[in-house]
Amino acid sequence: TKASCVSTEYILPIDTKWELPRESLSFGDILGEGEFGRVLKAEYVRTADSRLPGVVAVKMLKEEHSDSDMTALVSEMEIMKMIGKHENVVNLLGCCTQDGPLCVVVEYASNGCLREFLNKHNPKCSPGGVSQLNERVLVQFALQVAKGMEFLVSRGCIHRDLAARNVLVSGDLTIKIADFGLARDVRDYAYYRKRSAGRLPVRWMAPESLENNYYTEHSDVWSFGVLFWEIMTFGCTPYRKLPVHFLYDYLKSGNRLSRPEIFQETIYTLMLECWKFDPEERPRFSCLVVKLQDILNETA
Ligand code: ADE
């Protein structure tokens with residue numbers, strides 16, 4: 001209807017704990033575009049409020065957004081407020097809700113998304129076949145993801161789309177889980193349809209999510225296993241040669257991603273635990289944190 005096309009003005013309550021002066025943001029490049037919005041890099045010109053870093057990322061809606069897109073961004077912001085801060089998630093810094101478009105201001109991660117970062121550091125792509133990212137650094141990445149997920153689970157949050165493309169890398173190589181506050185309606189077929197063909201989350205999904213749209217900490221642990229495999233392969237595409245419609249039967253028959261060649265057995269053993277068909281048999285994130293720490297201690 002015409003009304004829903006032109007309703008670009010909303011009245012949002014002001015939350016003084018988070019409200020930032022709009023004039024302090026000076027927008028730069030587009031960092032990413034999602035289903036309903038985009039993320040812009042911005043300079044935060046410090047005024048009285050000097051707690052904020054000088055460079056931030058700002059989530060906004062696209063011009064052609066719908067009312068439900070607006071509701072989704074507001075609820076993402078409210079979820080981020082409730083969840084609180086952790087070193088390994090993209091933290092909310094503030095927002096601009098008054099007298100203009102909604103801006104959700106979050107931490108900026110200067111090394112971008114983990115998948116591209118890994119691809120860029122693939123030893124196969126560098127002259128001597130060496131990478132600054134050795135096994136230790138890669139396992140530390142996985143450990144940081146597990147720590148961020150342990151925190152999110154403790155706050156009652158299920159991610160549903162854990163993958164290297166949804167994890168960011170900060171300037172000091174801190175891993176930051178992104179898009180955890182998205183209120184995804186996974187029963188909404190449009191959520192899958194809107195994604196481009198090569199980025200279907202099917203390859204990261206647990207069998208019970210594929211079969212029954214069933215999402216729990218256990219299904220996030222399955223996805224973590226796939227993400228761990230992405231890390232150890234410098235960002236390869238999981239089951240690259242397998243068309244996605246074969247995936248469920250492939251997994252049900254007991255097949256799994258193959259072992260990333262050059263790394264120790266304990267790493268692959270941990271991945272296989274994440275891919276137990278029975279969700280209850282998979283380790284919890286708190287257990288994964290301990291096991292990854294053990295691997296690091298053994299090779300210290
Ligand atoms: N791309 C999407 N969100 C980002 C962020 N917060 N920092 C850097 N790149 C991003």
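Ligands are counted one by one from 1 in listed order, and the atoms in each one are counted from 1 as well.
Regarding atom 1 (N) of ligand 1, its nearest protein heavy-atom neighbour is Leu31 CB, 3.6 Å. Among all protein heavy atoms, the one lying closest to atom 5 (C) of ligand 1 is Leu168 CD1, 3.4 Å. Protein heavy atom in closest approach to atom 7 (N) of ligand 1: Ala109 N, 2.9 Å.
Judged by distance alone, the side chains of Thr299 and Glu135 never bring a donor and an acceptor atom under 3.5 Å apart.
Taking the six-membered ring where tryptophan is involved, the planes of Phe285 and Phe224 are perpendicular, since the angle between them exceeds 60° and thus also 30°. Ring orientation note: the planes of Tyr10 and His65 are tilted relative to one another, at an angle of 30° to 60°.
Each of the atoms 7 (N), 8 (C) of ligand 1 lies under 4.0 Å from some heavy atom of Tyr108.
At a heavy-atom distance under 4.0 Å, only backbone atoms of Glu107 (N, CA, C or O) approach ligand 1.
Taking the ring axis of Trp229 as reference, the NZ or CZ atom of Arg259 does not stay both within 45° of it and closer than 6.0 Å to the ring centre. For the pair Arg203 and Tyr239, the NZ or CZ position fails the cation-pi test of under 6.0 Å to the six-membered ring centre and within 45 degrees of the ring normal.
In terms of N/O distances under 3.5 Å, ligand 1 is not approached by Ala57.
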